[in-house]
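In what follows, a structure is listed as structure tokens, so that the remarks can point back to it.
Just so you know, these numbers come straight off a predicted model, no measurement behind them.
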Amino acid sequence: MMLPDLRVCPYLEKGGAPRWAAKSPRHRIPGSARLAGVGLLIALLSALGCCAQAPGLSMAEGDTLVSVDYEIFGKVQGVFFRKYTQAEGKKLGLVGWVQNTDRGTVQGQLQGPISKVRPMQEWLEKRGSPKSHIDRANFNNEKVISKLDYSDFQIVK
């Protein structure tokens with residue numbers, strides 16, 4: 001049995017526009033409404049069995065659940081780093097934990113959709129708490145997970 005090529009949708013013309021839009025100029029969408037309709041178009045194409053994807057990114061990739069461990073080096077203890085990390089993680093809808101180490105670093109684990117984990121990694125690497133100074137951030141043991149191991153974002157003492 002041959003499976004259909006999901007990169008090619010029979011309901012789209014070569015330019016990626018629906019057939020009716022490609023053939024009829026009277027169906028042009030104003031620029032302001034174009035972005036609002038993207039989600040609807042993707043849902044419609046998905047219902048028709050099509051796969052709408054940006055170059056190099058599958059539709060579900062941003063929703064893939066991942067787990068990643070981290071350790072942050074620099075002036076990260078005594079500057080409310082754990083509290084700010086917990087708040088940022090919760091704001092992004094992530095779960096996991098954060099704790100101080102005996103080495104003067106902060107370590108923890110993040111879990112959630114990859115589209116939310118990446119901004120959190122950037123926050124840990126470049127921003128941190130207002131009085132912190134981050135020298136470097138190590139991220140390791142990144143893996144795709146089928147379900148979250150935690151129900152919220154905890155500070156471990």
Side-chain angles (χ1 to χ4, degrees), residues 3-9 12 16-18 29-157:
L3 296 174
D5 184 356
L6 295 178
R7 292 172 296 158
V8 179
C9 178
L12 294 181
I29 300 170
S32 60
R34 218 174 276 146
L35 288 177
V38 169
L40 182 59
L41 179 60
I42 290 173
L44 174 64
L45 293 174
S46 295
L48 293 172
C50 300
C51 183
Q53 64 185 49
L57 179 71
S58 70
M59 273 225 345
E61 190 170 321
D63 294 330
T64 301
L65 291 178
V66 295
S67 176
V68 62
D69 298 338
Y70 62 90
E71 186 167 13
I72 314 302
F73 298 80
K75 183 180 178 188
V76 292
Q77 289 192 9
V79 292
F80 298 98
F81 197 92
R82 292 176 301 161
K83 183 178 177 181
Y84 277 85
T85 300
Q86 179 190 43
E88 187 69 14
K90 285 185 173 190
K91 183 174 97 175
L92 288 169
L94 299 174
V95 297
W97 55 272
V98 59
Q99 72 178 11
N100 286 337
T101 69
D102 294 339
R103 300 176 305 282
T105 64
V106 169
Q107 69 179 12
Q109 186 175 75
L110 304 170
Q111 290 187 350
I114 196 167
S115 62
K116 302 293 184 183
V117 168
R118 292 294 181 249
M120 185 66 183
Q121 287 178 295
E122 185 173 335
W123 185 92
L124 286 166
E125 191 171 22
K126 297 183 177 158
R127 190 164 171 204
S129 67
K131 296 192 181 215
S132 67
H133 177 79
I134 299 164
D135 291 334
R136 78 177 191 276
N138 289 350
F139 301 99
N140 53 48
N141 297 328
E142 184 170 325
K143 58 188 172 190
V144 174
I145 56 175
S146 59
K147 64 180 182 59
L148 301 173
D149 295 326
Y150 308 98
S151 58
D152 61 356
F153 204 105
Q154 291 289 319
I155 296 174
V156 178
K157 304 257 180 192

Stepwise, does the side-chain contact (heavy atoms from CB on, under 4.5 Å) test hold for Asn100 with Phe81? CA-CA 9 Å; Asn100 286 337; Phe81 197 92; 6.0 Å; no
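- Qualifying side-chain hydrogen bond (donor to acceptor under 3.5 Å, both in side chains) partners for Gln77, counting only residues two or more places apart in sequence or in other chains: none.
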For a quick test of your reading: what N or O donor-acceptor pairs under 3.5 Å do the side chains of residues 127-139 make, sequence neighbours left out?
residue: Ser129; atom: OG; partner: Val79; partner atom: O; Å: 2.8
residue: Ser132; atom: OG; partner: Ser129; partner atom: N; Å: 3.2
residue: Ser132; atom: OG; partner: Ser129; partner atom: O; Å: 2.8
residue: His133; atom: NE2; partner: Asp135; partner atom: OD1; Å: 3.3

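- Two residues are said to be in side-chain contact when any heavy atoms from C-beta on lie closer than 4.5 Å; Leu124 and Leu110 meet this criterion.
- The distance from the OH atom of Tyr70 to the OG1 atom of Thr105 is 10.5 Å, given to the nearest 0.5 Å.
- Remark: Gln86 engages no residue in a side-chain hydrogen bond (donor to acceptor under 3.5 Å, both in side chains) (not counting sequence neighbours).
- Residues that satisfy the salt bridge (Lys or Arg N to Asp or Glu O under 4.0 Å) test with Glu122, not counting sequence neighbours, are absent from this structure.
- Between Pro113 and Leu65 there is a side-chain heavy-atom pair separated by less than 4.5 Å.
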Distance-only check: which donor-acceptor pairs under 3.5 Å involve side-chain atoms of residues 147-157, not counting sequence neighbours?
residue: Asp149; atom: OD2; partner: Gln111; partner atom: NE2; Å: 2.9
residue: Tyr150; atom: OH; partner: Trp97; partner atom: NE1; Å: 3.2
residue: Tyr150; atom: OH; partner: Gln109; partner atom: OE1; Å: 2.8
residue: Asp152; atom: OD1; partner: Gln154; partner atom: NE2; Å: 3.0
residue: Asp152; atom: OD2; partner: Gln154; partner atom: NE2; Å: 2.6

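- In this structure Lys91 satisfies the salt bridge (Lys or Arg N to Asp or Glu O under 4.0 Å) test together with Glu88, sequence neighbours excluded.
- The structure places NZ of Lys116 at 6.5 Å from CG of Leu92, a figure rounded to the nearest 0.5 Å.
- Residues passing the side-chain hydrogen bond (donor to acceptor under 3.5 Å, both in side chains) test with Gln99, sequence neighbours excluded: none.
- For the side-chain hydrogen bond (donor to acceptor under 3.5 Å, both in side chains) test, residues two or more places apart in sequence or in another chain that qualify with Asn141 are Asp69.
- Applying the salt bridge (Lys or Arg N to Asp or Glu O under 4.0 Å) test to every pair with at least one member in residues 71-84, sequence neighbours left out, gives these pairs: Glu71-Arg103.
- Atom CD1 of Ile114 and atom CD of Glu142 lie 5.5 Å apart (nearest 0.5 Å).
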